[in-house]
Novice: 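Below: one structure in structure tokens.
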Amino acid sequence: MKKLYVKTYGCQMNVYDSARMTDLLTPLGYAPADGPEDADMVILNTCHIREKAAEKVYSDLGRLKKLKDGRVEQGGSMLIAVAGCVAQAEGEEIIARQPAVDMVVGPQSYHRLPEMIARIHHGAGHALETEFPADEKFDMLPEERAVSGPAAFLTVQEGCDKFCTFCVVPYTRGLEYSRPVTQIAAEARQLAAKGAREITLLGQNVNAYSGVGPDGERWRLAQLIEHLAGIDGVKRLRYTTSHPRDMSDDLIAAHGRIPELMPYLHLPVQSGSDRILKAMNRQHRAEDYLRLITVIRAARPDIALSSDFIVGFPGETDKDFAATMALVRAVGYAQAFSFKYSARPGTPAASAGRQVPEDEKDARLQELQALLRTQQDQFARSCEGRTMTVLFEKPGRKPGQAVGRSPYLQAVHADGAAHLIGRLADVRIEQALPNSLRGVLVSGAVHSGEGALAG
Ligand code: SAH
Ligand code: SF4
Ligand code: F3S
């Protein structure tokens with residue numbers, strides 16, 4: 001038996017891709033390794049979104065090279081593959097910088113890994129695949145998916161046509177592509193049959209979903225969600241990440257109508273300043289976003305909102321930043337992610353405007369994160385005393401304890417819930433802790449008609 005170790009950086013899409021690469025290599029006799037030390041093949045599934053993420057790959061590769069050298073000295077071998085968005089963006093440069101790398105494979109061509117491995121075994125030296133056949137990839141991936149627990153990711157859309165001026169994704173993932181409905185539904189049915197109770201639909205721009213339906217028409221995300229909600233065993237659906245421009249009325253209405261669709265929405269805004277939004281090519285103003293939030297809350301009053309922010313975009317002034325703070329105050333987020341602007345090679349913003357000094361970026365990030373932290377704590381405290389349904393996913397730190405997710409995506413742990421892993425149960429929230437909620441099981445509140453996790 002050969003052993004495979006996959007390290008995943010970046011977004012949920014990469015988590016999905018790592019699982020699919022594993023599925024792809026299982027028939028070749030690769031079983032999961034605990035770490036790179038006991039692996040015959042290591043895949044780094046990389047992220048190019050910010051400089052730090054991309055640079056980390058090279059330090060990890062340096063460590064892998066030493067492992068590989070040691071293995072070769074003892075007469076053994078180790079294959080190293082770089083996959084993901086750094087692979088797509090840097091291609092052959094990676095091998096030039098780190099010759100220990102055997103394979104470089106982009107996010108749209110990893111279905112070719114088995115033939116790449118075969119080429120290497122036949123003495124072909126290095127193998128490089130960085131083409132963009134997204135449709136081909138999904139047709140070529142094995143139908144079989146390994147059990148991934150009660151909460152699973154399912155990619156329904158890839159790529160992005162938005163070209164925000166700071167972002168590498170349109171270059172690393174290619175243009176928008178939506179998978180056909182029947183292909184997605186088949187994958188969802190398989191996940192549900194294997195014990196998945198919650199499915200998160202993934203796409204770089206998931207609410208732009210427009211896949212061919214069984215009737216030959218283009219289906220929108222709301223239709224797809226409704227269809228998947230009808231699958232036996234699918235109790236919860238989520239989707240991420242959305243662009244404000246594609247937040248259509250039918251999708252908003254779906255939040256009020258489809259009980260399986262969870263009341264949580266990650267809707268990145270990036271900035272609260274119209275001037276900066278324009279320079280970012282976000283294609284909406286702060287006011288449009290705020291109006292959208294009002295409409296969404298009217299459809300689903302308890303919805304928890306999340307967002308991404310960038311501080312220190314080129315040309316951002318104190319006044320622009322103050323507009324971002326004002327927007328955050330106006331919305332009130334349950335959760336949020338914020339980043340310092342990182343200039344990415346080849347993107348328009350990298351060479352435009354006044355780059356904001358690092359210490360200014362730091363100060364703004366701290367101020368923004370303090371506000372977001374306060375809002376997150378407030379939201380968590382507002383949950384105290386409420387009873388909510390939790391999908392238990394894994395054992396907690398203490399014996400008998402289990403950890404799961406609330407409808408609002410918060411981590412919830414409860415004592416005496418270990419036997420409920422893979423199932424939904426009602427929990428009364430007792431206490432909001434810094435990054436989780438402590439709850440107690442409400443007696444007799446296990447949701448009926450659900451098998452425990454298969455396998
Ligand atoms: N498709 C999603 C998110 C893509 S990347 C969307 O449209 O929102 C995830 C987040 O990383 C982005 O929302 C943005 O906040 C951040 N990001 C992207 N490029 C960045 C850059 N060059 N510097 C800093 N943060 C960046
Ligand atoms: Fe990047 Fe903008 Fe596309 Fe999101 S919408 S992936 S931020 S280009
Ligand atoms: Fe990173 Fe690529 Fe995802 S750049 S955020 S891994 S789409």
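Just so you know, ligand 1 is whichever comes first in the structure, and atom 1 is the first atom listed for that ligand. Just so you know, these numbers come straight off a predicted model, no measurement behind them.
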Novice: What protein heavy atom sits nearest atom 4 (Fe) of ligand 2, and how far off is it?
Specialist: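 Looking at atom 4 (Fe) of ligand 2, the protein heavy atom closest to it is Arg282 NH1, 4.3 Å.
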Novice: Is the closest heavy-atom distance from His48 to ligand 3 below 4.0 Å?
Specialist: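 Contact check His48 vs ligand 3: positive.
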Novice: Can you tell me which residue and heavy atom of the protein come closest to atom 24 (C) of ligand 1, and the distance to 0.1 Å?
Specialist: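 Protein heavy atom with the smallest distance to atom 24 (C) of ligand 1: Lys340 O, 3.3 Å.
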Novice: Checking the N or O distance criterion of under 3.5 Å, is ligand 1 in contact with Phe166?
Specialist: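 Checking ligand 1 against Phe166, an N or O pair does fall under 3.5 Å apart.
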Novice: Are any N, O or S atoms from His243 nearer to atom 3 (Fe) of ligand 2 than 2.8 Å?
Specialist: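 Coordinating: no.
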Novice: So, is Arg50 polar-close to ligand 1, with some N/O to N/O distance under 3.5 Å?
Specialist: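 Yes: some nitrogen or oxygen of Arg50 is under 3.5 Å from one in ligand 1.
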Novice: Could you walk me through whether Phe163 and Tyr171 pass ring pair (Phe, Tyr, Trp, His ring centres under 6.0 Å), step by step?
Specialist: CA-CA 9 Å; Phe163 290 94; Tyr171 313 99; 5.6 Å; yes
Novice: Quick check, are the ring centers of Phe309 and Tyr333 under 6.0 angstrom apart?
Specialist: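 Distance test on ring centres: under 6.0 Å, yes.
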Novice: Which option wins on minimum heavy-atom distance to atom 8 (S) of ligand 2: Cys164, Ala208, Ser242, Pro244?
Specialist: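 Ranked by closest heavy atom to atom 8 (S) of ligand 2, first place is Cys164.
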Novice: Determine whether a donor-acceptor pair (N or O, by modelled atom type, separation under 3.5 Å) exists between the side chain of Asn45 and the backbone of Asn14.
Specialist: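 Yes, because the side chain of Asn45 sits within donor-acceptor range (under 3.5 Å) of the backbone of Asn14.
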Novice: Give a yes/no verdict on a cation-pi contact between Arg20 and Tyr110, requiring under 6.0 Å between NZ or CZ and the six-membered ring centre and an angle within 45° of the axis.
Specialist: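 No.
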Novice: Could you list which atoms of ligand 3 come closer than 4.0 Å to a heavy atom of Asn14?
Specialist: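 Once the distances to Asn14 are compared, the set is 6 (S).
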Novice: Indicate, as side chain, backbone, both or neither, the part of Arg173 found under 4.0 angstrom from ligand 3 when only non-hydrogen atoms are considered.
Specialist: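 Looking at Arg173 and ligand 3, just side chain atoms fall under 4.0 Å.
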Novice: Just which atoms of ligand 3 are under 4.0 Å from any heavy atom in Cys85?
Specialist: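 Atoms satisfying the 4.0 Å criterion: 2 (Fe), 4 (S), 6 (S), 7 (S).
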Novice: Between Met13 and ligand 1, which residue portion shows a heavy-atom distance shorter than 4.0 Å: side chain, backbone, both, or neither?
Specialist: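 Answer for Met13: neither.
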